[in-house]
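These notes concern the structure reproduced below.
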Amino acid sequence: MTSYQSQLGDDGGGAVAEELAENQRSISIAEFFEKNKQMLGFDSDAKALVTAVKEAVDNALDATEEANILPDIYVEIEEVGGYYRLVVEDNGPGITKEQVPKVFGKLLYGSRFHARAQTRGQQGIGISAAVLYAQLTSGKPAKVTSKTERGDGARYFELTIDTDTNEPEIDVERDTRWERPHGTRIEIEMEGNMRARRQLHDYIKHTAVVNPHARIEFEEPDASFKFERVTDELPPETEEIRPHPHGVELGTLLKMLEATDSYSLSGFLQGEFTRVGAKTAESILDNFRDRHFGREPAWRSPRARGETDVEAAVADAVANKSAEATAAIAERLDGAIRDRDRIAHAELASLVGELADEIETEFDQTFGSTVRENAVDAAWGEIIRDRASDCYALVDGATTTRKDDAAIEGLADRLADKFDDQEDARNRITREGLREFVGRAADATEEYDDATFGETARENVVEAVWDASVTVPDDPPNVADVAGDRDAAARLLEAMRETDILSPPTDCLAPISEDLVVAGLKKEYDADFYTSVTRDASVHGGDPFVVEVGIAYGGEIEADGGVDVLRFANRVPLVYQRGACATVDVLKGVNWRNYGLDQPGGSGIPNGPGVIMVHVASTSVPFTSESKDAVANIPEIEDELRLALQEAGRGMQSHLKKQRSLRKRRRKQNVIADILPDMAEKLSEVTGREPLDVEDSLARIMNNVLVERATDGATVRLSVHNYGDTNVSPEITEIVTTDPGEPGGATVVEMDGEWFIKWSPTVESGTTATLEYDADDDAEFDISVDGVEAEKLTVNT
Amino acid sequence: MSTESDTDVKDEIAREQLIELASDFYDQFAEGNVPTMEIPTRTKSNIVFDEDKDVWVYGDRTSTRSANSVQGAQKLLKAIYTIEFLAEQLEEERSSTLRELYYLSESWDEERAQFSGQDESNQLVEDLEIVSEVTREDFHMRPEESGATIMGPLYLREQTRRGEREIHCQEDVGEGGYQIPNNPDTIEFLEHDADFVLCVETGGMRDRLVENGFDEEYNVIIVHLKGQPARATRRITKRLRDELDLPVVVFCDGDPWSYRIYASVSYGSIKSAHLSEYLATPAAEYVGIQPVDIVNYELPTDPLSDSDRNALQSELDDPRFQDDYWREQIELQLEIDKKAEQQALASRGLDFVTDTYLPERLGEMDVL
C-alpha cells in the first residue's frame with residue numbers, strides 16, 4: 001500500500017489505476033477492485049455511497065464548467081429493493097455515444113495521466129469506479145441519459161463493464177425523452193446505506209459553499225436541500241500546463257516516454273515539460289550522463305609531474321606513417337597535454353582526433369582509427385603512469401591535515417589500484433562506483449595501515465575525485481531506449497530532480513477568490529462577520545498551489561464546541577480523515593487566542609460560533625492516501641496554510657474587538673438607560689418639579705449621536721448632536737406627509753403623497769448640525785438614520 | 001442655647017440645602033448634561049493647613065461622581081435616594097443612625113439604589129455633608145453610641161429627648177463617668193472647676209486614672225477617647241477648649257496608630273477634614289507615650305510590625321506631622337524599632353503613672 005501511495009499521490013487518478021492494472025493483469029477486474037476498495041473510497045457501504053455521490057457530482061461540475069455553463073446539478077438517492085439508487089443530473093453539454101464508455105466506463109485507462117491542471121477530476125479515481133462498484137454489488141448496469149445541444153433529442157444508454165476484458169460496453173441504446181435542454185444523467189444502483197448521512201450532507205453543503213456559481217438540489221429518503229446560485233461568475237477556466245520535471249513520478253515518466261513523439265531525450269524534455277528549454281535540457285542530460293555512463297576522472301598531465309614521456313610513447317605507437325607526420329603528432333599531442341592541468345580519457349580521445357585530422361590535411365596522410373586508438377592508448381598509458389601520486393594529491397587535499405601521511409598514501413595507492421584494475425581503461429565510473437572504490441580502499445587501509453577513515457572523510461574523497469572527473473560526451477540513449485529501460489528512466493528522473501529548474505508557472509491555478517469565498521460562506525452560514533484570504537501561488541515539488549481561507553463568525557452559527565472546519569481540495573470537499581489532514585494540523589497549531597477566539601490550552605480547534613474554510617488548489621494536490629481524503633503534510637503547503645489562517649485570523653480579531661467594545665457599550669447603555677429615568681423621576685419627586693427627559697443626557701453619556709426634532713410654527717428643525725469623539729456622517733431620511741419646500745442641503749423625492757427628505761451632513765465631534773424644512777401642522781413624520789451604528793445612535797423625536 | 005424654633009430653623013436650612021442639591025442634579029438633566037457631583041478628594045495628599053483657622057482642611061483637588069459610568073450613575077442614584085430620605089426625616093423631625101440608613105436602603109424599591117455595605121452609606125453621608133455644607137448631625141444622622149465618657153469637675157446641662165438634665169461629671173455619675181451624647185451641641189456647660197482636659201486613649205488607663213483619683217487631685221476633666229475618637233468626642237473636646245479655655249492634652253499608646261488618634265483630635269481627620277473647623281482642637285498637645293519615653297523610662301516594649309513601620313513611614317509624609325517634634329519622635333521610633341502601650345507604665349508600679357509620669361510630663365509641658 002505505501003509503495004503505491006508514494007507514487008500515486010502526485011498523479012491523476014487514471015495513471016494510478018493504470019499502473020495498478022498493469023501489476024494486476026492476471027486477476028479479474030472484480031478481484032482487483034475488491035482488493036483495492038479501500039484505496040478507492042469504497043471500503044464500506046456507507047462510504048461507498050458518499051464516494052459515488054462525490055465522483056458523480058465532481059464529474060457533473062467539471063462537465064458543465066468546461067462547457068462554460070453555470071452548473072445546475074440534481075442529486076437523488078433512493079432506496080429500491082435493498083439497494084440504493086443514485087441519480088445525478090447535470091445541465092452540461094451532453095455526451096455522444098462514443099464518449100459514454102470513455103466517461104463512465106474507462107476505469108483503468110484514464111487519458112489525462114500527465115495533464116497538469118487544477119481539476120476536480122484528479123480528486124478521485126473517477127465516476128467509472130462508482131459505475132463498476134454499482135455493477136459488482138447490484139448487478140445492474142449504469143443507465144446514462146444524455147442530450148446534446150445539437151437538438152437531436154435525448155439518448156439513453158445502458159453501460160456495463162466486461163470484467164474479463166475490462167472493457168466498457170454499451171448494451172442498450174435508444175432514443176428517449178428528457179425535459180432538460182441538454183445535459184447528462186447517470187443512474188446507478190448499488191449496495192449502500194445512509195449511515196454516513198452527515199458526511200453526505202456535509203459534502204453537498206460544502207460543495208455549495210465553494211461553488212457559489214452552482215445550483216444544487218439534493219434529495220435523499222429523509223431530507224432534501226436546495227442550494228441556490230449566488231453568482232453568475234464561472235470559475236476561470238483552468239489552463240493545463242505541462243508537468244514540471246520536479247513533479248513527476250517514475251510511472252508517469254515511463255508513460256510519457258512511451259507516448260511522446262520526440263526521438264531524442266532533449267526534445268522529449270523540452271517538449272513535454274514546463275520550464276525546460278535547450279539549456280535546462282542539456283543540464284538535465286549532463287546529470288543523466290553522469291548517472292547513466294559515469295564520469296571519467298581527469299588525471300594530471302605528465303607535465304605536471306615533470307615527466308615528458310608522452311612524445312616518445314606516441315611516436316612509438318604511431319606506426320607506418322611518415323616520420324614527419326609521426327613526429328608532428330607526437331610533439332603536438334605532447335604539447336597539447338602539457339598545456340592542460342588535467343585530462344580525462346574522452347578529452348584525450350577528442351584531442352587526438354583533432355590533431356590527427358590536422359596532421360592528415362597537413363601531411364596528406366591518413367590516420368585511421370587504429371592509429372588514432374594506438375596514439376590515445378600510448379598517451380593514456382603515460383598520463384596514468386603515476387596515478388598513485390595523483391590519487392595522493394586528491395586524497396590529501398580532501399582529508400584533514402591531522403591524518404597520518406602513511407595512511408593517506410595507503411588509501412591513495414589502493415584507490416589508484418582500483419582504477420588500474422578497472423576493466424574500462426577510460427576509468428568511467430558512476431558516483432556509486434566511485435563510492436564503492438573509495439570504501440573498499442579505505443577499509444583496506446584501515447585494516448592494514450591502522451588508520452581510520454570515517455564516513456565524512458570517505459565522502460570528501462569521493463567528492464574530490466568526482467569533482468576532478470568530467471562528464472562524458474557520449475550521446476544519451478534515445479527516448480525509445482530509455483522508455484524500454486526502467487533503470488535508465490529512473491536515472492533520468494533522478495537527473496531531472498537533481499537539476500535546478502525554474503518553478504512552474506502559477507497562473508494556471510484558479511482559486512475561488514476572496515470575494516467568492518465570502519459569497520459562498522454567506523450563502524450557507526448566517527454569520528455576523530466574514531473574511532477571506534487568498535494567498536499568492538506558491539510551489540511544492542513541481543506543482544503550483546494556492547491556499548485560501550475563509551472565516552464566518554458569530555450570528556446564527558452554532559456556538560457550542562469547536563468551530564466547524566471545512567476542507568477543500570480543488571473545490572472538492574474533503575469529508576473523511578479529518579484528523580490526518582495537514583489543513584487541520586496547521587489550524588490546530590495556530591494560536592487562535594491571539595485572534596480573540598477561545599482555544600483551551602492554546603492549541604487545537606478553537607471554540608466558538610465559527611466556520612473556518614480551508615481550500616488548497618493545485619495542479620496536483622498531495623494527498624496522504626489514494627482515497628484522497630486528507631492533504632499530506634508538505635512543508636511548503638503547511639507554511640502557506642499557516643500564513644493564510646493567521647491573516648484571516650487578524651481580520652476576525654479586529655471584528656471581535658469591535659464587537660466586544662460595542663457589547664460593553666450596550667451593557668453600559670442598558671444599565672445607565674435603566675438608572676437615569678429612575679434618577680430623574682426621584683429628582684422631580686424630591687424637588688417637586690415637572691418630570692424630566694433624560695435622552696439628551698443619556699446620548700451625551702454614551703458619546704452618542706443624538707437626533708432630535710423640534711417644531712417651531714411651520715418650521716421643523718432636526719438637530720444632530722454628536723457627543724462622540726470622532727466625526728460622523730449620518731444619512732438622515734425624514735419621511736413627511738406634507739410638502740417640505742426646498743430644504744437646504746437635502747434631496748427631496750415625492751412618492752405617493754410622501755416626501756422623502758434626505759440629508760448627509762458631516763457632524764464634527766462635539767458639535768450640532770441643524771436641518772430645517774417646512775411642514776404643516778398636521779404633518780406626520782417618520783425618520784430613519786443610517787451610517788451610525790445602532791449602539792451609538794439615539795433618536796429622540 | 002438651642003430653643004425649639006432654633007432647631008426648626010436649623011432643620012429647615014438643612015432640608016433646603018439637600019433639596020438644593022437635588023435641584024442641581026435636576027437642572028443638569030434639564031440642560032441635557034450629565035449629572036455630576038464634585039467633592040474634594042479625601043486623601044492625605046489633598047489636605048492643606050488653613051492658617052486662619054489653624055486646622056487642616058481639604059485642598060483644591062476634587063473628584064467627580066458622574067452618571068457617565070455605570071458605577072457613577074449608581075452612586076448618584078443612591079445619593080438622590082438618600083437625599084430624599086434625609087429630607088423626609090428632617091420634615092418629620094426624626095433621626096436615625098448610620099446603620100439604620102444602611103438597613104433602611106434595603107426597603108427601597110429600586111434595587112440599584114440600595115447600599116452594598118455600611119461603608120458605602122457612611123461615605124455617601126459624608127459626601128452629602130461636604131457638598132451640602134450641612135453636618136451629619138444636622139441631618140439627624142447619628143453614629144452608633146461610641147460610649148465615650150467624661151469624668152471631671154464639670155457641671156453641665158444636657159438637652160435630652162426627655163427634657164433637660166443637669167449633671168455634674170464627678171458627683172452625679174458612677175465610676176463610668178458621664179456618657180457623651182451623639183450631638184454634644186445639645187450640651188450647655190454651666191460651671192467647672194477644672195485646670196485642664198486630659199484625653200485618654202484606652203479604657204484601662206482611664207480607669208487607672210479615675211481609681212487613683214487623678215481627676216480630683218489635679219482638677220482634670222478626663223475624656224475617654226475609646227480608640228479613634230468619635231465625632232462627638234472630638235466636638236466636646238473642642239468645646240471644652242474653646243468655651244472653657246482649658247488646655248487640652250492627649251495621652252495615648254506609644255505607637256503610630258495612637259499618633260493618628262492625637263492628630264485627629266488636634267488637626268482633624270482626613271476623612272472629615274471638611275469639618276475640621278468644627279471638630280479639631282489645634283491647641284491639643286501630645287503627652288505620650290512618646291518614643292523618647294520608651295527609652296527614658298525603659299518601658300517594656302513590643303517590636304514594630306511591618307504595618308507599624310509602614311504607618312510610621314506614611315506619617316513622615318503626612319502633612320499633619322510635618323514638624324520637628326514629630327519627625328524626631330517618629331525617626332527615633334523607627335530607629336529603636338519598638339512600641340509601648342500606656343499600661344506599660346505599670347511595670348514601675350500602679351501609681352507610677354499618676355505619681356510620676358504624668359506630673360513630670362505635664363510639668364515639662366507647662367500644663368501643671
Side-chain angles (χ1 to χ4, degrees), chain A residues 661-710 717-725 766-770 791-792 794-797, chain B residues 14-37 64-92 104-105 107-116 124 128 131-132 139:
Chain A
S661 117
L662 283 177
R663 202 155 50 229
K664 208 170 149 195
R665 162 185 276 274
R666 206 152 43 225
R667 225 175 10 240
K668 175 177 168 184
Q669 185 151 356
N670 287 344
V671 173
I672 293 187
D674 223 28
I675 291 178
L676 253 48
D678 197 44
M679 219 189 262
E681 197 189 318
K682 214 24 122 192
L683 283 171
S684 48
E685 242 177 83
V686 173
T687 56
R689 291 160 75 177
E690 63 187 49
L692 279 163
D693 179 6
V694 298
E695 286 299 332
D696 281 22
S697 303
L698 190 59
R700 199 174 280 246
I701 287 169
M702 298 313 300
N703 301 328
N704 273 9
V705 175
L706 172 71
V707 182
E708 288 181 306
R709 184 191 296 114
R717 204 168 280 127
L718 290 171
S719 311
V720 185
H721 308 277
N722 179 6
Y723 295 125
D725 42 20
T767 66
T768 299
T770 307
E791 286 86 349
K792 292 188 175 174
T794 309
V795 178
N796 187 23
T797 55
Chain B
R15 213 182 76 85
E16 275 170 14
Q17 291 282 70
L18 286 168
I19 304 287
E20 183 61 31
L21 199 55
S23 289
D24 287 348
F25 292 143
Y26 183 100
D27 291 342
Q28 287 169 337
F29 263 127
E31 286 161 20
N33 287 327
V34 181
T36 52
M37 180 167 94
T64 304
R65 301 277 150 75
S66 163
N68 70 3
S69 71
V70 170
Q71 220 193 0
Q74 280 174 336
K75 277 232 158 78
L76 286 184
L77 184 67
K78 290 173 191 188
I80 292 164
Y81 267 77
T82 307
I83 286 170
E84 186 194 31
F85 164 75
L86 292 174
E88 278 176 11
Q89 169 169 291
L90 287 166
E91 203 159 37
E92 293 166 12
L104 202 102
S105 77
S107 72
W108 293 342
D109 46 9
E110 173 58 57
E111 258 180 54
R112 295 180 204 273
Q114 296 174 5
F115 295 110
S116 54
L124 180 62
L128 290 179
V131 287
S132 66
F139 290 152

Of the backbone (N, CA, C, O) and the side chain (C-beta and beyond), which part of B:A22 lies under 4.5 Å from a heavy atom of chain A, both, or neither? both
Portion of A:E690 that has a non-hydrogen atom of chain B nearer than 4.5 angstrom: both
Most contact-rich option vs chain A, by heavy-atom pairs under 4.5 angstrom, among B:E31, B:E84, B:Q28, is B:E84
Any side-chain heavy-atom pair of B:L124 and B:F115 under 4.5 Å: yes
For the candidates A:L676, A:V686, A:I675, which exhibits the highest count of non-hydrogen atom pairs separated by less than 4.5 Å from chain B? A:I675
Most heavy-atom pairs under 4.5 angstrom with chain A, which of B:I80, B:L18, B:I83? B:I80
When rounded to the nearest 0.5 angstrom, what is the spacing between OG1 in A:T768 and CD in A:E708? 9.0 Å
Options A:L692, A:T687, A:D674, ranked by heavy-atom pairs under 4.5 Å with chain B, top entry: A:L692
Student check: side-chain heavy atoms of B:E20 and B:D24 closer than 4.5 Å: yes
Side-chain contact, heavy-atom cut-off 4.5 Å: B:R112 with A:D678? no
Any side-chain heavy-atom pair from A:L706 and A:V720 closer than 4.5 angstrom? no
